[in-house]
Amino acid sequence: MRIGFIDSGVGGLSILSAVRACIAADYIYVMDNRYLPYGEKSEAFIQSRLTQLSSMLINHQVDLIVIACNTATTQAVASLRQQFSIPFVGTVPAIKPAAALSPEGFAVLATPATCKSAYLEGLIEQFAPGIPVQKVGSSELVLLAEQKVWYGNNVHDAVEQVIRLSSLVDTSPLYIVLGCTHFPFLAAEIKSCLPDAVLLDTADAIARRVTQVVVTIDNPAKANGQQLFISTLELNEQQKGKLAELGFDQYECWSKPAEDYSSLSSPS
Ligand code: DGL
């Protein structure tokens with residue numbers, strides 16, 4: 001079994017560790033750091049780029065692709081499922097569990113693109129009809145999670161500033177859905193600003209879903225323990241030094257730019 005993962009940065013590693021804990025397989029993790037943050041890109045750009053990255057992973061003979069990114073899933077998973085025959089497991093904000101836990105309302109902390117997506121609106125209409133949902137979008141938190149994971153930077157004060165400037169401090173919601181895979185890496189900092197909040201993420205639910213899907217795959221690739229990390233911009237030495245700690249034994253840079261980036265990059 002060979003499983004591919006895609007995210008713009010380190011966020012998908014929060015999903016990868018939950019999946020790895022359940023399934024022994026070859027893993028190929030693609031970090032599209034060339035275009036981080038996805039939360040500031042248009043839907044057309046994300047669809048086109050995810051098509052390109054999925055093709056690359058399919059050339060690496062993956063059996064299944066986990067879109068370990070809420071932004072990419074909300075903008076592109078439907079189009080990927082139309083184009084390719086291999087299964088895609090997407091990552092979407094935990095609206096259904098939040099609605100069950102807190103019918104009086106909750107918040108979703110996600111990227112700006114996820115917050116304004118029709119997909120998120122559809123999830124709210126389907127699973128939380130009539131429930132007040134406060135959407136808070138931030139790309140700053142994405143970049144702070146990158147700094148924390150790669151360099152071990154203390155980002156507490158910067159996270160606190162983002163939270164203080166957001167509407168979350170006024171409403172102090174009891175339940176906050178972490179609708180971006182980068183944000184579980186900032187859970188301690190977010191909790192220290194909002195100590196009463198319960199943070200909901202999707203890593204375990206995705207791992208359960210991947211476990212269900214893998215058993216349906218005929219003739220999976222023969223695993224040899226490969227743990228490959230691919231970035232789309234060359235990692236610096238400090239980042240490369242961190243890869244073993246993150247569970248990777250191979251590294252490649254795949255530097256192909258997005259196709260026709262100029263016409264696709266402006267926010268919709
Ligand atoms: N990790 C991604 C998500 O779950 C997106 C971060 C970005 O904006 O690039 O939405």
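Every number for a ligand or one of its atoms is a count from 1 in the order of the listing.
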Is the positively charged end of Arg34 above the ring of Phe45, judged by distance under 6.0 angstrom from the centroid and angle within 45° of the axis? no
If you measure only the distance, is there a donor-acceptor pair under 3.5 Å linking the side chains of Tyr119 and Thr114? no
Whether over 12 other heavy atoms sit under 6.0 Å from Glu234 CD: yes
Atom indices of ligand 1 within 4.0 angstrom of Ser8 heavy atoms, with elements: 5 (C), 6 (C), 7 (C), 9 (O)
Val142, portion touching ligand 1 at heavy-atom distance under 4.0 Å: side chain
Would you say the side-chain atoms of Arg209 and Gln212 include a donor-acceptor pair closer than 3.5 Å? yes
For Asn236 and Tyr151, which I'm curious about, is there any donor-acceptor pair between the side chains at under 3.5 Å? yes
For atom 7 (C) of ligand 1, what's the nearest protein heavy-atom neighbour? Residue, atom name and distance, please. Tyr38 N, 3.2 Å
Can you name the atoms of ligand 1, numbered from 1 with element, that are less than 4.0 Å from a heavy atom of Pro37? 7 (C), 8 (O), 9 (O)
Does a side chain donor of either Gln83 or Ser79 reach within less than 3.5 Å of an acceptor in the other side chain? yes
Short list, please: which atoms of ligand 1 are under 4.0 Å from a heavy atom of Asn70? 3 (C), 4 (O), 10 (O)
Short N-O contact, Glu43 and Lys116, less than 4.0 angstrom: no
To check your reading of the model: name the closest protein heavy atom to atom 2 (C) of ligand 1, its residue, and the distance in Å. Cys69 SG, 3.2 Å
Check Asp7 against ligand 1 and report side chain, backbone, both or neither, counting heavy atoms closer than 4.0 Å. side chain
Proximity of Thr71 to ligand 1 by residue part, where a heavy atom lies under 4.0 Å: both
With heavy atoms of Gly39 as the reference, note each atom of ligand 1 found under 4.0 Å away. 7 (C), 8 (O), 9 (O)
